[in-house]
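No experiment lies behind these values; they were computed from the predicted model shown. In what follows, chains are A, B, ... by sequence order, proteins preceding strands, each numbered from 1.
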There are 2 protein chains.
Amino acid sequence: MAEHECVQLVPIFSELGSEQLDTIESIVRHHHYPAGSTLFGADDPLDSLMIVANGQVKVYQLAANGREQLLYLLQTGDIDGEAALFENQRRTSFGEALVPTDVCSIRRSDFQDLMQKYPSISINVLNVFGKRLNQLERQTTSTATESVEARLANYITETAAALKTDTFKLPLKKKDLATFLGTTPESISRKLALFERQGLITQKPGKVIEINDADQLLLTE
Amino acid sequence: MAEHECVQLVPIFSELGSEQLDTIESIVRHHHYPAGSTLFGADDPLDSLMIVANGQVKVYQLAANGREQLLYLLQTGDIDGEAALFENQRRTSFGEALVPTDVCSIRRSDFQDLMQKYPSISINVLNVFGKRLNQLERQTTSTATESVEARLANYITETAAALKTDTFKLPLKKKDLATFLGTTPESISRKLALFERQGLITQKPGKVIEINDADQLLLTE
DNA sequence: TGAATTTCTTGACGGCCGTCAAGTTCTGAT
DNA sequence: ATCAGAACTTGACGGCCGTCAAGAAATTCA
């Protein structure tokens with residue numbers, strides 16, 4: 001592992017100098033998780049901020065009725081554990097490594113010291129939270145007001161736009177995609193088949209999708 | 001108006017001294033809105049943080065299909081405009097005064113200067129955002145996985161718990177409550193009538209509800 | 001590569017809940 | 001207090017989509 005390995009590539013520390021990164025590196029703890037393993041559970045004490053140094057992490061929340069909701073798909077450089085920043089809070093979500101994943105964690109009190117010392121960190125974290133808030137606001141509105149068909153169409157076009165390509169592989173299994181969109185794997189299969197019959201997309205083996213008519217997809221209600 | 005009028009009562013400035021509050025007071029702009037008026041629209045340039053000095057504000061988001069989603073009910077001391085903190089962002093929500101409301105606003109650049117100067121502000125804002133993130137995560141999970149019946153039962157018990165009383169007045173019209181819970185006024189009427197038939201609650205004139213069996217309400221699926 | 005397991009697809013069915021409509025109650029301004 | 005308009009309630013109806021089931025396809029691991 002290189003020096004500053006995980007600390008260096010994290011956007012929230014982007015404005016710090018090499019010396020300050022050394023300080024931080026001495027504080028963080030490193031972990032490695034194999035694919036499919038659980039990083040933290042819904043009942044774990046919530047006292048650390050987590051940084052994804054390498055890999056992908058699914059973050060789920062458990063509803064009262066036992067159903068799971070996929071909230072975030074964390075990529076390298078993403079952070080989780082915002083609730084760790086204030087006291088007396090219990091974690092209500094759990095995380096699972098999608099691929100072999102390296103994680104750094106910083107204890108709450110240490111991170112609070114860091115933010116006091118380097119205000120740029122707080123501001124960077126604020127930006128991350130602000131973006132996440134926006135994303136969640138849109139997701140809430142979307143699941144509450146739009147049909148499964150519209151949500152799926154949106155997801156496809158947004159994913160394609162993010163990847164800047166019309167042909168891409170779905171990054172999630174249908175079951176995960178279903179809990180993310182607030183529906184079921186069966187409904188996703190059906191709606192994709194419908195889009196294909198309408199000529200809007202083409203499905204290829206290996207969860208690969210090609211978009212034929214993005215404009216029309218967005219008009220889906 | 002007293003000195004520091006709006007600035008003083010806002011939690012995010014709680015750790016500042018009188019002199020620093022003077023500085024802030026000189027930066028903020030004051031506004032007053034009569035009940036029912038629009039504070040900001042979905043297309044307004046998004047360059048200020050808003051502080052509710054007195055009153056109540058409904059914050060809606062507009063879905064692609066034209067439907068409205070009530071996201072927050074801001075009270076005195078609450079803030080809005082997190083997205084104002086980073087650039088190149090357009091507002092996608094709009095706010096409406098529920099009662100006559102006083103608001104202070106701070107321009108983005110001014111607020112960023114403040115956070116650099118007084119790190120405690122950033123940390124307070126982080127706490128606010130963290131709580132809001134948690135709330136939104138639960139709301140997303142709830143609308144995506146639970147029935148209207150369960151969501152309404154939850155809302156009732158949570159509101160009662162927050163007010164520490166079994167008898168309370170619904171703070172919103174059924175139409176607003178409906179968009180908040182991701183359903184319709186008709187469904188709310190029906191479910192409340194159902195709860196009453198089951199003996200779980202008693203409805204009284206003036207949107208007042210008395211909870212008879214909170215435990216059973218929470219078991220609603 | 002081949003077999004076992006997981007994931008996916010498609011059909012049939014039913015229930016939840018959104019929509020429309022009409023009547024009733026509530027509210028607030030005069 | 002009265003009245004106009006808004007908000008609410010209740011019924012009837014229908015469609016979306018979740019559930020269950022069974023077979024097909026894909027992925028994993030030896």
How far apart are the C-alpha atoms of Thr202(B) and Asn212(B), what are their side-chain angles, what is the distance that settles it, and do they pass the side-chain hydrogen bond (donor to acceptor under 3.5 Å, both in side chains) test?
CA-CA 7 Å; Thr202(B) 308; Asn212(B) 300 323; 2.9 Å; yes
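- Scanning for side chain to side chain donor-acceptor pair (under 3.5 Å) contacts around Glu146(A) gives Ser142(A), with sequence neighbours left out.
- With sequence neighbours left out, the side chain to side chain donor-acceptor pair (under 3.5 Å) criterion links Gln216(B) to no other residue.
- At the phosphate of dT7(C), neither OP1 nor OP2 sits under 4.0 Å from any side-chain N or O atom of Lys174(A).
- Under the 4.5 Å side-chain criterion, counting only non-hydrogen atoms from C-beta, Ile79(A) is in contact with Val128(A).
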Could you go through nucleotides 28-30 of chain C and list every protein N or O atom that sits under 3.5 Å from one of its N or O atoms, giving the distance for each pair?
none

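- Under the 4.0 Å criterion applied to side-chain N and carboxylate O atoms, Asp80(B) and Arg132(B) are assigned as salt-bridge partners.
- Note: CZ (Arg197(A)) to P (dT9(C)) measures 13 Å, nearest angstrom.
- dA7(D) atom P lies 18 Å from atom CD of Gln203(B), rounded to whole Å.
- Of the N and O atoms on the side chains of Arg67(B) and Thr179(B), not one donor lies less than 3.5 Å from an acceptor on the other residue.
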How would nucleotides 14-30 of chain D be written as a contact map, 5' to 3', with B for base contact, S for sugar-phosphate-only contact and - for no contact, using protein heavy atoms under 4.0 Å?
---SSBB------S---
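- Note: CG (Leu194(B)) to C1' (dT9(D)) measures 14 Å, nearest angstrom.
- Protein atom NZ of Lys173(B) is 8 Å distant from nucleotide atom C1' of dA6(D), rounded to whole Å.
- Put simply, NZ on Lys175(A) is 16 Å from P on dT9(C), counting in whole angstrom units.
- Taken over five-pair windows at either terminus, the axes of the helix from dT1(C)-dA30(D) to dT30(C)-dA1(D) are inclined to one another by 70° (rounded to 10 degrees).
- Glu196(B) and Lys204(B) are not joined by a salt bridge, as no carboxylate oxygen comes within less than 4.0 angstrom of a charged side-chain nitrogen.
- A side-chain N or O of Gln61(B) and one of Thr92(B) form a donor-acceptor pair less than 3.5 Å apart.
- When the salt bridge (Lys or Arg N to Asp or Glu O under 4.0 Å) test is applied to Glu186(B), no partner is found at least two apart in sequence or on another chain.
- Side-chain contact, Asp102(A) with Tyr33(A): no donor N or O sits under 3.5 Å from an acceptor N or O.
- Checked for salt-bridge contact, Asp110(B) and Arg29(B) miss the test: no charged N lies under 4.0 Å from a carboxylate O.
- Taking the side chain of Ala193(A) as heavy atoms from C-beta on, and the options dT9(D), dC8(C), dT10(C), the nearest nucleotide is dT10(C).
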